[in-house]
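Everything below concerns the one structure shown next.
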Amino acid sequence: MIEDLDSLPSPAYHLTQELRGARTAALELGRGCPFACTFCSTNDFFRRNFRLHSPERLLHDMRAIAAEYQIRDFALVHDMFTVDRRRVAAFCEGMIASGEGFTWSCSARTDCIDEALLELMARSGCRSIFFGVEAGSRRMQKIIDKHLDPQRAEEIIDIADRLGIRTTVSLITGFPEETWEDVRETIRIFMHSARCPLSNPQLNLLAPLAGTPIYLSHKQELVLEELCSDMSHQGRSQSEDDLELIRNYPEIFPNFYLLPVPHLDREALFELHEFTMMAVERFRWLLSAIDQCAMSAFDFFLEWREHRQGLRRGLKGSELRQYYRTFDFRADFLSFVQTHPAGRHEAVNVLVKCEEGMAAATMRSASTMPLAQEVDVGSALWWSDIPVTKKSTRVIELSCDIQGVIDALKFRMSPALVRGPFAYATREMSAGECRLVKVSNWMACLLRACDGQRTVEDLVAQLSPNLSEVDESLRGYVVTRLLQGAQGEGFISILRISDAATSSQSSLPVGE
């Protein structure tokens with residue numbers, strides 16, 4: 001047993017290319033864990049011998065990596081950083097005193113951390129924490145020897161969110177002793193995390209890891225099916241040679257197997273995993289509104305599953321997993337919410353309309369125009385230029401202020417709806433993902449008119465009469481500034497036809 005981890009040399013990063021161009025580098029923070037959760041392999045692997053690198057050694061390695069690879073963000077790899085509060089405080093104070101401005105992430109238990117320590121961690125550069133909460137019911141916490149207080153876990157998630165620290169909240173279902181009531185409690189914490197903007201809830205299917213107490217207790221009852229826990233990192237298909245090894249050596253590959261769940265329906269459990277993970281990714285606030293205003297997310301899932309089985313029969317395993325990743329799921333789910341009693345709650349209804357608008361934006365095809373080039377943001381506009389909304393841009397009119405609804409959900413308050421109407425526009429943030437941006441009525445009118453059929457001159461003539469609040473002599477200027485603002489915000493592209501007659505008055509820069 002290596003007691004002094006600082007005696008180990010730094011990893012030979014120069015022998016790999018893994019850090020070239022990377023944004024984050026992983027550093028070993030420590031080894032071992034003093035706890036003995038029945039499903040976890042860390043305590044068995046390290047024999048519960050808990051050790052940490054010194055703050056001085058960690059800072060030395062960070063500086064060396066920053067100098068060589070220009071990386072200033074670090075993932076500190078260890079199951080249980082915050083067990084030794086004194087060492088955590090020393091590390092944080094060392095990071096602050098160094099003035100380096102490094103950022104970092106770590107893992108922690110929610111019963112080994114408090115608000116004062118979280119504040120110190122945030123000041124020293126901590127940007128995210130992985131919390132292994134695992135079970136939402138006190139009964140299961142005791143059975144799996146985790147012994148966390150679920151209510152305290154929720155409080156810690158809230159504090160971290162308030163301090164600007166991102167959290168990953170890991171939950172596990174599929175324990176042999178688990179009942180649907182236990183699952184319901186786990187989904188309750190899942191939804192608590194979902195309502196925190198900086199928190200990312202995960203629902204994992206239990207994997208029996210080699211050598212763990214839970215594996216040793218049930219190794220004669222393992223079941224091999226097509227799909228199991230994400231811990232096995234299964235692809236969409238597996239070769240027969242791989243499957244033969246897994247079948248012949250279950251003691252080596254137990255994480256490809258499933259444990260018995262006598263009190264649960266295994267297919268329903270698998271679908272719960274798929275539903276929660278994709279629903280919170282695509283419909284975080286809609287699912288939160290249903291959970292808060294209508295019925296628990298778990299009960300809603302049960303009714304949704306019954307509907308889905310009637311709508312798309314026979315989906316199992318990889319086919320079901322694929323379905324939850326398609327636009328078919330998005331369309332089916334939104335349609336179901338609209339016809340469900342939950343959809344009658346105004347907060348739910350307005351969020352459905354948001355989702356429909358964003359879904360429509362991602363399905364729009366891009367406008368094309370031959371012999372046209374895009375005008376750079378900030379360039380002078382020509383009267384003959386043609387503004388066109390980007391394929392991800394769609395104007396949505398909502399009956400109430402959506403931000404007020406979301407803020408109420410964040411703080412678990414009854415939404416006090418601010419009546420509208422209000423105009424919003426969708427904007428692409430990443431491939432296939434849009435967000436809503438509140439816009440003025442003037443901007444909404446402009447975006448609706450940018451259909452690729454009108455020039456800047458046409459738009460000025462069409463929209464100027466609507467600007468009654470503006471002096472007539474300034475209306476053309478206001479419309480062109482709105483166009484430039486829409487272009488800068490990423491709502492529109494402005495195209496210039498390359499063969500436009502340069503001698504034409506319509507091709508002169510705006511204002512000349």
Side-chain angles (χ1 to χ4, degrees), residues 350 353-370 372-403 418-430 433-498 500 504-512:
V350 75
K353 286 183 172 16
C354 288
E355 296 294 346
E356 288 178 332
M358 288 189 285
T362 59
M363 297 295 285
R364 282 186 59 188
S365 58
S367 300
T368 59
M369 194 171 294
Q373 65 182 40
E374 188 168 341
V375 177
D376 292 336
V377 174
S379 298
L381 301 184
W382 295 72
W383 289 116
S384 57
D385 291 341
I386 300 176
V388 57
T389 55
K390 293 190 175 182
K391 71 172 186 176
S392 60
T393 301
R394 182 182 176 90
V395 177
I396 305 170
E397 189 173 281
L398 299 175
S399 61
C400 58
D401 177 27
I402 195 67
Q403 190 59 53
V418 179
R419 303 295 173 183
F422 297 96
Y424 293 84
T426 56
R427 182 170 62 195
E428 188 172 47
M429 304 303 295
S430 58
E433 293 297 326
C434 293
R435 65 167 294 182
L436 280 184
V437 179
K438 193 174 183 179
V439 296
S440 68
N441 290 333
W442 287 359
M443 180 64 78
C445 290
L446 176 80
L447 295 178
R448 291 189 183 101
C450 292
D451 57 3
Q453 304 299 312
R454 298 173 175 88
T455 64
V456 171
E457 189 172 22
D458 295 333
L459 288 169
V460 169
Q462 177 183 335
L463 298 176
S464 290
N466 298 329
L467 305 181
S468 57
E469 304 96 320
V470 180
D471 187 274
E472 189 171 353
S473 64
L474 297 175
R475 291 176 187 175
Y477 170 78
V478 170
V479 173
T480 56
R481 291 295 292 167
L482 282 170
L483 282 168
Q484 291 172 323
Q487 183 192 27
E489 289 291 325
F491 293 130
I492 66 171
S493 298
I494 298 179
L495 305 179
R496 184 165 294 166
I497 307 300
S498 59
S504 169
Q505 179 68 23
S506 67
S507 296
L508 291 174
V510 172
E512 293 192 9

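Note that the structure is a prediction, hence the values are computed from the model and not measured. Note that the numbering runs from 1 along the sequence shown for the chain.
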With rounding to the nearest 0.5 Å, note down the distance linking [atom1] in [X] to [atom2] in [Y].
X    : Y    : atom1 : atom2 : result
Y424 : Q403 : OH    : CD    : 7.5 Å
I386 : D451 : CD1   : CG    : 10.0 Å
L446 : T389 : CG    : OG1   : 10.0 Å
L482 : C445 : CG    : SG    : 10.0 Å
S384 : R496 : OG    : CZ    : 7.0 Å
Q487 : C450 : CD    : SG    : 10.5 Å

Looking at every non-hydrogen atom in both residues, tell me the closest pair between [X] and [Y] and how far apart they are.
X    : Y    : result
A461 : P465 : O-CD, 3.3 Å
L495 : V375 : C-CG2, 4.4 Å
V377 : G488 : CG1-CA, 4.0 Å
P387 : T455 : CD-C, 4.1 Å
L447 : A486 : CD2-CB, 4.1 Å
L459 : A449 : CD2-CB, 3.5 Å

Residues in side chain to side chain contact (heavy atoms under 4.5 Å, CB included) with [X], at least two apart?
X    : result
E489 : R427, F491
I396 : L398, T426, L436
A444 : V395, A423, V439, R448
Q484 : L381, R481

Does any non-hydrogen side-chain atom of [Y] lie less than 4.5 Å from one of [X]?
X    : Y    : value
R454 : Q462 : yes
V470 : Y477 : no
I402 : F422 : no

With [X], which residues qualify under side chain to side chain donor-acceptor pair (under 3.5 Å), at least two apart?
X    : answer
D376 : none
E355 : none
S464 : none
N466 : none

Sorted by chain and residue number, the salt bridge (Lys or Arg N to Asp or Glu O under 4.0 Å) partners of E374 (sequence neighbours excluded) come out as none
Run the salt bridge (Lys or Arg N to Asp or Glu O under 4.0 Å) test against R475 and tell me which residues pass, sequence neighbours left out. none
Does atom CD of E469 have more than 12 heavy-atom neighbours, drawn from other residues, nucleotides or ligands, at distances under 6.0 Å? yes
